[in-house]
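Read the structure below first, then the notes.
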Amino acid sequence: AYDADLCTNIEYKREGIVTVQAVTGQTPAEFAAIYAENQTPADYGKATTTSGGNADANAEFIKIVDGANDVWQIRLK
């Protein structure tokens with residue numbers, strides 16, 4: 001899991017294929033839109049399919065790569 005205390009900066013990609021952790025319990029459909037979770041403190045920043053109150057990530061789910069940890073491959077548009 002990501003631990004912000006171990007980092008002094010964050011590098012990110014603006015487009016392409018990357019992996020993200022999704023909100024536990026969700027089963028996104030292939031090519032479903034992704035939103036960044038902003039409603040539940042324990043899930044802040046995780047990928048979600050829920051649009052209400054969350055930030056549009058301008059991305060889509062591709063496939064799950066680690067079901068035990070809810071890690072998905074996504075495409076940033």
Side-chain angles (χ1 to χ4, degrees):
Y2 175 79
D3 186 347
D5 293 335
L6 301 177
C7 299
T8 57
N9 66 333
I10 296 174
E11 294 183 28
Y12 62 93
K13 289 189 71 164
R14 294 175 58 115
E15 62 181 44
I17 304 294
V18 297
T19 57
V20 297
Q21 187 172 25
V23 173
T24 300
Q26 290 194 346
T27 307
E30 186 176 20
F31 305 120
I34 299 174
Y35 301 89
E37 175 62 51
N38 286 332
Q39 303 297 307
T40 306
D43 292 328
Y44 282 168
K46 292 182 180 179
T48 181
T49 57
T50 306
S51 60
N54 295 318
D56 184 353
N58 196 27
E60 61 189 5
F61 287 100
I62 303 295
K63 67 179 181 177
I64 193 160
V65 293
D66 181 356
N69 293 302
D70 302 306
V71 176
W72 286 76
Q73 181 183 66
I74 69 165
R75 182 176 76 90
L76 299 171
K77 298 178 187 179

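Fair warning: this is a prediction, and the values are worked out from it, not measured in the lab.
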Nearest heavy-atom pair of Asn38 and Gly53: which atoms, and what distance?
CB-O, 3.7 Å

ILVMFWY network linking Val23 to Ile64, side-chain heavy atoms under 4.5 angstrom:
no

Rounded to the nearest 0.5 Å, how far does NZ of Lys46 lie from OG1 of Thr24?
4.5 Å

What pair of heavy atoms forms the shortest contact from Thr50 to Tyr35, and how long is it?
O-CB, 3.6 Å

Residues Ala57 and Ala36: closest non-hydrogen pair is CB-N, 4.5 Å

Sidechain-backbone polar pair: Glu60 side chain, Ile62 backbone, donor-acceptor under 3.5 Å
no

Provide the closest heavy-atom pair for Ala47 versus Phe61 in the form atom of the first, atom of the second, distance.
CB-CZ, 3.9 Å

At what distance, to the nearest 0.5 angstrom, does CG of Asp43 lie from CG of Asn54?
10.0 Å

Identify the heavy atoms of Gly25 and Asp70 that sit nearest to each other, and give their distance.
N-OD1, 4.5 Å

For the atom pair OG1 (Thr19) and CH2 (Trp72), what is the distance rounded to the nearest 0.5 Å?
13.0 Å

ILVMFWY clustering at 4.5 Å (side-chain atoms), partners of Val65
Val71

Identify the residue among Val18, Ile17, Ile34 that makes a side chain to side chain contact (heavy atoms under 4.5 Å, CB included) with Leu76.
Val18

What's the shortest heavy-atom distance between Pro28 and Thr49, and which atoms?
CB-CG2, 3.7 Å

Say you draw a straight line from CD of Glu30 to CD of Gln73; how long is it, rounded to the nearest 0.5 Å?
10.0 Å

